[in-house]
There are 2 protein chains.
Amino acid sequence: MKLKEEIKSSGLKLTRHRQEIFRLLKESRQPVTAEQIYATLRERNISINLSTVYRILDSLSGSELISKINIGEDKKNHYEYNCMAHRHYLVCLCCNNIFSVGDCPLSDYEKQVAKQTDFVITGHKLNLYGYCSNCKDKAGQCH
Amino acid sequence: MKLKEEIKSSGLKLTRHRQEIFRLLKESRQPVTAEQIYATLRERNISINLSTVYRILDSLSGSELISKINIGEDKKNHYEYNCMAHRHYLVCLCCNNIFSVGDCPLSDYEKQVAKQTDFVITGHKLNLYGYCSNCKDKAGQCH
DNA sequence: CTACATGCAAACCGTTTGCACCCTA
DNA sequence: TAGGGTGCAAACGGTTTGCATGTAG
């Protein structure tokens, strides 16, 4: 489905800003923050307010067009196009970029923990930390 | 080692407040937030300021007596006695309490992802979500 | 024309910091 | 008594909100 239809069919009004943000997320290979989106749009001479960025991210998440992810290292949220797949994240401790990983080794483990703890387990989050291929050689010099 | 010695031997001055907070964490079966610590101390008629709680949590973490954990669901940090073991967390979506889990199934997976992505992986965080044994029956009624 | 989108400024909430005073070692 | 610990109030940073105006359908 085309970008515009995706937005419309989720019941949201089609706005210049919504299109730009949704496109940006759809084309980005990595989850990004509200600030990053804001900065990118302004570089492209698209005038927008930060709170509008947040509101748009909210409405797109509400319609499940994108997902909000909470890595928790810094306090900033990240957002990515919602491909409807279960994902894990790879966080670079040097450049702070986040990469998505598709496969998941955990279904057996969930069952095992459920048994041990008497929890009903409904999901999980797994983040891996390290140094990406760009940063691995300068690991010592990072923040 | 006794509580007081643990604090002293890490180079920190021994204070009423530090003792109380460290003891509270050591005795708690669950990771807790700064606010929870603050509230508990005041219930016990120990007068303290929230910023002091944060400062003590900072210094205890700095000395590795406790660890700071960043679950990321709410934006609050949690703290727990540092048992020096690698841990994962079980978060109850109803009462928001956090439980620690000891065992970890991920070392093979780390190697596999490292190969696929050309990352140097240094660690990971795994959180499981669900309903604890107290809450599992009222899952529908939670926030 | 109406309901939702937006800009702006102010509020929010968890956490941190500056400064004056206090107390442990 | 010196240097770290503490209370208080104010700052901080990411995010949210109230209100007046703008715009898509």
Side-chain angles (χ1 to χ4, degrees), chain A residues 3-23 31-42 45-63 65-79 96 98 143, chain B residues 3-23 31-42 45-63 65-79 96 98 143:
Chain A
L3 206 137
K4 295 188 183 184
E5 283 124 48
E6 273 188 276
I7 295 178
K8 280 189 181 173
S9 71
S10 71
L12 298 173
K13 275 190 189 171
L14 187 61
T15 306
R16 170 92 197 278
H17 287 156
R18 287 227 249 252
Q19 282 181 68
E20 295 290 354
I21 290 181
F22 187 45
R23 179 143 51 91
V32 293
T33 65
E35 285 282 359
Q36 288 173 322
I37 292 171
Y38 179 65
T40 307
L41 293 183
R42 310 203 107 222
N45 288 311
I46 298 170
S47 141
I48 192 172
N49 190 277
L50 224 203
S51 55
T52 304
V53 174
Y54 278 108
R55 278 195 271 233
I56 289 179
L57 291 172
D58 249 27
S59 54
L60 295 178
S61 315
S63 310
L65 293 175
I66 65 172
S67 32
K68 180 176 182 172
I69 55 188
N70 221 294
I71 294 297
E73 283 320 278
D74 45 13
K75 7 199 150 174
K76 298 176 195 164
N77 294 314
H78 286 73
Y79 300 84
N96 285 316
I98 296 176
H143 352 216
Chain B
L3 206 137
K4 296 189 182 184
E5 284 123 48
E6 273 188 276
I7 296 178
K8 280 189 180 172
S9 70
S10 71
L12 298 173
K13 275 192 190 171
L14 187 61
T15 308
R16 172 91 197 279
H17 287 157
R18 288 226 248 253
Q19 281 180 69
E20 296 288 354
I21 291 181
F22 186 45
R23 180 142 50 91
V32 293
T33 64
E35 285 282 359
Q36 289 174 321
I37 293 172
Y38 179 64
T40 306
L41 292 183
R42 309 201 111 222
N45 289 312
I46 298 169
S47 141
I48 191 172
N49 189 278
L50 225 203
S51 56
T52 304
V53 174
Y54 279 109
R55 278 193 272 232
I56 289 178
L57 291 171
D58 250 27
S59 54
L60 295 178
S61 315
S63 311
L65 293 175
I66 65 173
S67 31
K68 181 177 182 173
I69 57 187
N70 221 294
I71 294 299
E73 282 322 276
D74 44 14
K75 8 199 150 174
K76 297 175 194 164
N77 294 313
H78 286 74
Y79 300 83
N96 285 316
I98 296 177
H143 350 217

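The figures here come from the full heavy-atom set of this structure, side chains too, leaving out hydrogens, waters and symmetry mates. Numbers restart at 1 for each chain; the letters A, B, ... are given by sequence-line order, proteins then strands.
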Handout entry: Interatomic distance where CD belongs to B:Q36 and P belongs to C:dT15 [whole Å]
Key = 11 Å
Problem - Contact under 4.0 Å: A:T15 side-chain N or O vs C:dA5 OP1/OP2 - result: no
Exercise for the section: Name the nucleic acid region contacted by B:S51, choosing base, sugar-phosphate or nothing; use a 4.0 angstrom heavy-atom cut-off, strictly under. Expected result: base
Exercise for the section: Mark yes or no for whether B:S63, through its side chain, and B:L60, through its backbone, hold a donor-acceptor pair below 3.5 Å. Expected result: no
Exercise for the section: Would you check if the side chain of B:H17 reaches a backbone N or O of B:S47 as a donor-acceptor pair within less than 3.5 Å? Expected result: yes
Practice task
Could you check how far CG of A:D58 sits from P of C:dC4, rounded to whole Å?
Solution key: 16 Å
Completion exercise
Rounded to whole Å, the CG-C1' distance (B:L57 to D:dT6) equals 14 Å
Problem - B:T33 vs A:L12, nearer the 5' end of DNA chain C by closest nucleotide - result: A:L12
Practice task
Would you mind reading off the distance between A:D74 atom CG and D:dG13 atom C1', rounded to a whole angstrom?
Solution key: 11 Å
Handout entry: Rounded interatomic separation in angstrom, taking OH from A:Y38 and C1' from D:dG13
Key = 15 Å
Exercise for the section: Looking only at side-chain atoms of B:R55, point me to the closest of D:dT15, C:dA5, C:dT17. Expected result: C:dT17
Practice task
Give a yes or no on whether the backbone of B:I7 and the side-chain of B:S10 come within a donor-acceptor separation of less than 3.5 Å.
Solution key: yes
Practice task
Using a cut-off of strictly less than 4.0 Å, decide whether A:N49 has a side-chain nitrogen or oxygen near OP1 or OP2 of C:dC8.
Solution key: yes
Problem - Nearest-nucleotide comparison on DNA chain D, the residue closer to the 5′ end among B:K13 and B:R16 - result: B:K13
Exercise for the section: For C:dG14, take OP1 and OP2 only and decide whether either is under 4.0 Å from a side-chain N or O of B:N77. Expected result: no
Problem - A:R18 side chain near C:dA5 phosphate (N/O to OP1/OP2, under 4.0 Å) - result: yes
Exercise for the section: Would you mind checking if B:E20 and B:R23 are paired as a salt bridge, meaning a charged N to carboxylate O distance below 4.0 Å? Expected result: yes
Exercise for the section: Ignoring the backbone of A:L14, work out which of C:dT6, D:dG7, D:dG25 is nearest its side chain. Expected result: D:dG25
Handout entry: Within-4.5 Å side-chain heavy-atom neighbours: A:R16 and A:I46
Key = yes
Exercise for the section: In whole angstrom, give the distance that lies between atom NZ of A:K8 and atom P of C:dA5. Expected result: 14 Å
Handout entry: C:dT15 OP1/OP2 closer than 4.0 Å to side-chain N/O of B:Y54
Key = yes
Practice task
Taking only the side-chain nitrogens and oxygens of A:K75, find out if one of them lies under 4.0 Å from OP1 or OP2 of D:dG13.
Solution key: no
Fill in the blank from the handout: A:L50 atom CG is separated from C:dA10 atom C1', nearest whole Å, by 15 Å
Exercise for the section: Would you mind reading off the distance between A:K76 atom NZ and C:dT15 atom P, rounded to a whole angstrom? Expected result: 17 Å
Exercise for the section: Return no unless some side-chain N or O of A:H17 is found under 4.0 Å from OP1 or OP2 of C:dA5. Expected result: no
